[in-house]
> 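The structure under discussion is supplied below as structure tokens; questions concerning it will follow.
The analysis underlying the following values was restricted to heavy atoms, covering all of them including side chains, and did not include hydrogens, waters or symmetry mates.
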Amino acid sequence: MSIHIGKELRNRLKHDGKSVVWLARQLGCHRTNVYNLFEKYSIDTQLLMRISSIMHHNFFDILSREANERIEKESKSV
């Protein structure tokens, strides 16, 4: 299992009823850049921190859960 953070971002934006244009304005970029983020499996941590703050949602929780699951799985196989 691998988290696609771009899809998580798109789903959260939709869940919150926010538009791509809204997020682009908050980030100070063009909406095309936001659409490009949706395609990424990973996002720079500083950018993800900004997005988490803007959207009031900790995207790092999702990544942390996946990391913990992988660590647990690996430790059982050793």
> Please list, chain by chain and in numerical order, all residues satisfying side-chain contact (heavy atoms from CB on, under 4.5 Å) with Asn11, sequence neighbours excluded.
none
> Roughly how far, to the nearest 0.5 Å, is the NE2 atom of His4 from the CD atom of Glu8?
9.5 Å
> Between side-chain atoms of residues 16-31 and protein atoms elsewhere (two or more places apart, or another chain), which donor-acceptor pairs fall under 3.5 Å?
| from | atom 1 | to | atom 2 | distance (Å) |
| --- | --- | --- | --- | --- |
| Asp16 | OD1 | Arg12 | NE | 3.3 |
| Ser19 | OG | Val21 | N | 3.4 |
| Ser19 | OG | Trp22 | N | 2.9 |
| His30 | ND1 | Thr32 | N | 3.0 |
| His30 | ND1 | Thr32 | OG1 | 2.9 |

> Evaluate the criterion side chain to side chain contact (heavy atoms under 4.5 Å, CB included) for residue pair Met55 and Leu9; output intermediate values, then yes/no.
CA-CA 9 Å; Met55 294 184 67; Leu9 172 58; 3.5 Å; yes
> Atom CD1 in Ile5, atom CD1 in Ile62: separation rounded to 0.5 Å?
5.0 Å
> If you look only at pairs with a residue in residues 39-49, which of them pass as a side chain to side chain donor-acceptor pair (under 3.5 Å), with sequence neighbours excluded?
none
> Could you grab the distance from atom CD of Glu69 to atom CD1 of Ile71, nearest 0.5 Å is fine?
10.5 Å
> Applying salt bridge (Lys or Arg N to Asp or Glu O under 4.0 Å), name anything that partners Glu72, two or more places apart in sequence or on another chain.
Lys76
> Determine the minimum heavy-atom distance between Leu48 and Phe59, stating which atoms define it.
CD1-CB, 3.7 Å
> Measure the CG-CD1 distance between Asn58 and Ile51 for me, rounded to the nearest 0.5 Å.
12.5 Å
> To the nearest 0.5 Å, what is the distance between OG (Ser52) and CG (Leu47)?
9.5 Å
> Kindly write out the residues that satisfy side-chain contact (heavy atoms from CB on, under 4.5 Å) with Lys14, not counting sequence neighbours, or none if the list is empty.
none
> Using the side chain to side chain contact (heavy atoms under 4.5 Å, CB included) rule, take Arg10 and Tyr35 through it: C-alpha gap first, then chi angles, then the decisive distance, then the call.
CA-CA 9 Å; Arg10 180 178 50 217; Tyr35 285 114; over 6 Å; no
> Would you please name every residue forming a side-chain contact (heavy atoms from CB on, under 4.5 Å) with Ser64, sequence neighbours left out?
Asn68
